[in-house]
*Asks:* 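The structure that follows is given in the form of structure tokens.
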Amino acid sequence: MSETDVVDVDVIVIGAGFAGMYALHRLRDELGLRVVGVERGTGVGGTWYWNRYPGARCDVESLWYSYSFSEELEQEWSWSERFATQPEILAYAEHVADRFDLRRDILFSTDVRRAEFDDASSTWTVHTADGRTLSARFLLTALGNLSAAQVPRFPGASEFAGRTFHTGAWPHEGVDFTGRRVAVIGTGSSGIQAIPHIAAEAAHLFVLQRTPAFSVPARNRPLAEEELADVKRRYRELRALIHESPAGLPVPPSTLKALELSPAEARSALEERWARGGGWIASTFADNLLSEEANAVTADFVRERIRELVHDPETAESLIPRDYPIGAKRICVDTDYYATFNRDDVTLVDVRRTPIERIIPAGVVVGGREYQVDDLVFATGYDAFTGPLDKIDIIGSGGMCLRDKWSEGPITYLGIATAGFPNLLILTGPGSPSVLANAMPVIEQHVEWACALVDHARRHGLHRVEAQPAAEAEWTAHVGEIASRTILMKAASWYLGANVPGKPRVFVPYAGGLTHYRDICDGVAADGYRGFTLTGGEDAAVA
Ligand code: NA7
């Protein structure tokens, strides 16, 4: 296709991560629609394409971090470790792209700059950075919630003489830190995974920590052949459990309540989860997210473990999170994170008490002290949820810009549609469970629901499908109300936009659980898409 071709299809899907790939497959291969995918990377995989930093792994167990829509795919793919590495997950994404022949309908290395809805024709026109124009009746965004890197603006940053990296845009060829003095800024999931690996190579590592994280050991291990075979035999049964789980995991939620147990009973439950490894510890008790007092039982247990793992008491105290409940920020899952601070060549620098003042050519200045480094690694996270959408000029009905509509925070109906932007479906969008449950079942639920809506429009000759203002106002209030009943509001987290200066403090994802959310969405569809205005005649085609 030349750069000036106008492509006219039924659906445009922006993004070729797991959501975009599945949407493309379902729309094209199951519904028979003409679809084009647009992807800024040179390959598929989304998050797993970009996040190639050392130690990058999924914090959901690999056996559950996979598509369930194809039994053949389930049977032919074998995960090698309990928590898969980034290269293995990327290989899985590439395998899916090959297996379902997705690449032929994806424009790679293509950045979408603008998407505009035309009221007269009820179509979207998408303009790409390289001058292409695409048009379609429906536009599906599958941008990922953590794909717009957040790099704080430190004075002097442009004068730094060494190399700089962001974990979410890591060089494909890898980075050799051997013999280098390195500073990592940020101790969220990405920093915590990368730090032990960088420390092992670097001459000296400075970890610049603003907020200590609660991190738990992954206890990663190779998957035994029998274990894999057993799961493959029981996949349907396990997928059914996932379907019934608010978190999208094949384990029923805990019924234990921290405050109803004796201290010894509570401790024993926590010890069992700590030994099991992974993020399970945060869900040991059913009231962990509902009561600060209950939450303190788990938080104090993890604080004690940090004191045991870190030899220097002062460093241990600096690494202990104190000012927010466990789980209010996403819990981190690590391998040897705390032990890394027992190395002589690793220094923890607390940038909460004395923030980073500026960057100089030779390093970083904190509290008047110069830390001389050769490399700076920004593990500073993302402008989550709305950041990826904000990068595109999305212009809806009557010339309204999505960025302007959402200037006080995102307003959506079911986290998938927004009034004034007909025929736009935002996969895993703001106001849907998105990052609060296992991404794969979250993605499958959203893609399947969105595709069913597109199919409904086609079958009924509808040319315009639009969320109603009253429905989105009610839904957005509901999302906030559910979060306000939890401890999730009690941390300055990216769930609330608190990591991006000037961003409205609104709790964005839906905290009511994936199962409940699915029921609501299914109910809306069963009621003829209640809350949507559907326009069109019986005989019109989709595009
Ligand atoms: P996170 O979890 O947002 O972590 C970013 C880290 O960077 C966090 O420790 C921040 O501290 C720190 N940060 C951000 N800005 C600054 C400034 N200006 N100064 C010092 N430190 C700063 O991003 P990740 O990439 O680690 O993880 C994102 C998700 O990906 C993760 O939850 C998983 O779902 C996968 P703060 O806490 O804001 O004080």
Side-chain angles (χ1 to χ4, degrees), residues 17 46-48 50-53 55-60 65 83-84 86 89 144-157 165-170 183-195 206-216 218 247 278-279 282 318-319 321-324 327-334 337 348-359 364-367 371 376-385 387-388 428 433-440 442 488 490-503 505 508-509:
T47 289
W48 304 104
W50 295 102
N51 280 262
R52 298 175 190 237
Y53 60 83
R57 264 176 209 283
C58 189
D59 56 9
V60 172
Y65 194 81
F83 293 99
Q86 173 271 331
I89 304 172
N145 285 304
L146 296 162
S147 57
Q150 171 65 17
V151 180
R153 287 165 200 254
F154 296 116
F165 307 97
H166 187 281
T167 47
W170 204 258
V184 173
I185 305 175
T187 52
S189 297
S190 305
I192 278 177
Q193 289 186 336
I195 282 163
F206 296 96
V207 176
L208 277 55
Q209 171 194 266
R210 183 164 71 182
T211 308
F214 284 101
S215 191
V216 297
S318 297
L319 284 166
R322 288 194 175 73
D323 58 358
Y324 64 94
K329 280 178 172 237
R330 189 171 166 116
I331 198 156
C332 301
V333 176
D334 75 87
Y337 174 63
L348 181 66
V349 182
D350 184 339
V351 299
R352 153 85 38 101
R353 264 178 291 177
T354 46
I356 297 170
E357 268 168 42
R358 69 201 141 87
I359 293 177
V364 188
V365 181
V366 180
Y371 293 89
L376 265 179
V377 175
F378 290 92
T380 45
Y382 298 88
D383 180 355
F385 308 109
T428 73
S434 63
V435 298
L436 295 182
N438 179 5
M440 288 305 227
V442 158
L488 288 164
K490 307 248 178 228
S493 70
W494 53 261
Y495 297 151
L496 272 160
N499 62 325
V500 179
K503 200 170 175 180
R505 292 256 181 145
V508 177

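Bear in mind the structure is a predicted one, so any value in this text is a computation, not a measurement. Order of appearance sets the numbers: ligands from 1, and atoms from 1 within every ligand.
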*Asks:* Using a strict cut-off of 4.0 Å, indicate which atoms of ligand 1 neighbour a heavy atom of Pro152.
*Replies:*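 Close to Pro152: 15 (N), 16 (C), 17 (C), 18 (N).
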*Asks:* Given Thr380, Ile185, Val435, Leu146, identify the one with the heavy atom nearest to atom 35 (C) of ligand 1.
*Replies:*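 Minimum heavy-atom distance to atom 35 (C) of ligand 1 goes to Leu146.
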*Asks:* Is any side-chain heavy atom of Thr167 closer than 4.5 Å to a side-chain heavy atom of Gln193?
*Replies:*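 Contact flag for Thr167/Gln193 side chains = no.
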*Asks:* Determine the interplanar angle of the Phe154 and Phe378 rings, folded into 0 to 90°, and report it as parallel if under 30°, tilted if 30 to 60°, perpendicular if over 60°.
*Replies:*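 Ring orientation of Phe154 relative to Phe378: parallel.
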*Asks:* Less than 4.5 Å apart, side chain to side chain, heavy atoms only: is that true for Lys490 and Tyr324?
*Replies:*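 Heavy-atom side-chain distance check fails, nothing below 4.5 Å.
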*Asks:* Quick one: look up the protein heavy atom nearest atom 4 (O) of ligand 1 and list residue, atom name and how far away it is.
*Replies:*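 Nearest neighbour among protein heavy atoms for atom 4 (O) of ligand 1, to 0.1 Å: Gly188 CA, 3.5 Å.
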*Asks:* For atom 33 (C) of ligand 1, which protein heavy atom lies nearest, and how many Å away is it?
*Replies:*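 For atom 33 (C) of ligand 1, the nearest protein heavy atom is Arg330 NE, 3.5 Å.
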*Asks:* Judged on heavy-atom distance to atom 6 (C) of ligand 1, which of Gly381, Ala379, Ala384 sits nearest?
*Replies:*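 Shortest heavy-atom distance from atom 6 (C) of ligand 1: Ala379.
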*Asks:* Any idea which atoms of ligand 1 are less than 4.0 Å away from a heavy-atom of Phe154?
*Replies:*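 Selected atoms, number and element: 17 (C), 18 (N), 19 (N).
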*Asks:* Is the closest N or O pair between Thr211 and ligand 1 shorter than 3.5 Å?
*Replies:*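 Yes, since at least one N or O of Thr211 sits under 3.5 Å from an N or O of ligand 1.
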*Asks:* Could you find the nearest protein heavy atom to atom 12 (C) of ligand 1 and give me its residue, atom name and distance?
*Replies:*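 Looking at atom 12 (C) of ligand 1, the protein heavy atom closest to it is Gly186 CA, 3.6 Å.
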*Asks:* Can Gln150 be said to touch ligand 1, with heavy atoms closer than 4.0 Å?
*Replies:*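 Contact absent.
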*Asks:* I want to know if ligand 1 touches Ile356 in the polar sense, i.e. an N/O pair below 3.5 angstrom.
*Replies:*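 No, Ile356 has no N/O under 3.5 Å of an N/O on ligand 1.
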*Asks:* Should Tyr382 be counted as touching ligand 1, given the test is an N or O pair under 3.5 Å?
*Replies:*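 No, Tyr382 has no N/O under 3.5 Å of an N/O on ligand 1.
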*Asks:* So which heavy atom on Phe83 is nearest to which on Asp59, and how close?
*Replies:*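 Smallest heavy-atom distance, with atoms named: CE2-O, 3.6 Å.
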*Asks:* Identify the two heavy atoms, one from Gly168 and one from Tyr382, that lie closest to each other, and give their separation to 0.1 Å.
*Replies:*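 The answer is CA-OH, 3.1 Å.
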*Asks:* Who gets closest to atom 13 (N) of ligand 1 by heavy atom: Arg210, His166, Gln209?
*Replies:*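 That would be Arg210.
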*Asks:* Counting only heavy atoms closer than 4.0 Å, does ligand 1 sit against the backbone of Ser190, its side chain, both, or neither?
*Replies:*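 Near ligand 1, Ser190 shows its backbone as well as its side chain.
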*Asks:* Nearest protein heavy-atom contact for atom 37 (O) of ligand 1: which residue, which atom, what distance?
*Replies:*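 The closest heavy atom on the protein side is Lys329 NZ, 2.5 Å.
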*Asks:* Please check whether Arg352 reaches ligand 1 - meaning an N/O of the residue sits under 3.5 Å from an N/O of the ligand, judged on distance alone.
*Replies:*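 By distance alone, the answer is no.
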*Asks:* Can you tell me which residue and heavy atom of the protein come closest to atom 9 (O) of ligand 1, and the distance to 0.1 Å?
*Replies:*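 Going atom by atom, the protein heavy atom closest to atom 9 (O) of ligand 1 ends up being Thr187 N, 2.9 Å.
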*Asks:* Identify the two heavy atoms, one from Asp350 and one from Arg352, that lie closest to each other, and give their separation to 0.1 Å.
*Replies:*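 Closest heavy-atom pair between Asp350 and Arg352: OD1-N, 2.8 Å.
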*Asks:* Report yes if some N/O of Thr167 lies less than 3.5 Å from some N/O of ligand 1; otherwise report no.
*Replies:*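 Looking only at distances, the answer is no, because the N/O contact criterion of under 3.5 Å is not met.
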*Asks:* Are Tyr53 and Phe165 close enough, and set up right, to give a ring pair (Phe, Tyr, Trp, His ring centres under 6.0 Å), and what steps lead you there?
*Replies:* CA-CA 9 Å; Tyr53 60 83; Phe165 307 97; over 10 Å; no
*Asks:* Quick check: do Gln150 and Pro501 have side-chain heavy atoms less than 4.5 Å from each other?
*Replies:*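 Yes, close enough: below the 4.5 Å cut-off.
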*Asks:* If every non-hydrogen atom of His166 is compared with every non-hydrogen atom of Gly381, which pair is closest and at what distance?
*Replies:*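 Scanning both residues, the minimum pair turns out to be NE2-O, 3.1 Å.
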*Asks:* Using a 4.5 Å cut-off on heavy atoms from C-beta on, say whether the side chain of Gln209 contacts that of Leu319.
*Replies:*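 The answer is yes, as the side chains (C-beta and beyond) meet within the 4.5 Å cut-off.
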*Asks:* Taking C-beta and beyond as the side chain, do Trp48 and Cys58 meet within less than 4.5 Å on heavy atoms?
*Replies:*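 Yes; the side chains approach each other to less than 4.5 Å.
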*Asks:* So with a 6.0 Å cut-off around CZ of Arg322, is the heavy-atom count from everything else above 12?
*Replies:*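 Yes, the 6.0 Å shell around CZ holds more than 12 heavy atoms from other groups.
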*Asks:* Of Phe378, Tyr53, Trp494, Tyr324, which has the heavy atom at the shortest distance from atom 28 (C) of ligand 1?
*Replies:*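 Minimum heavy-atom distance to atom 28 (C) of ligand 1 goes to Trp494.
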*Asks:* Nearest protein heavy atom to atom 31 (C) of ligand 1, by residue and atom, and its distance?
*Replies:*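 Answer for atom 31 (C) of ligand 1: Ser189 OG, 3.4 Å.
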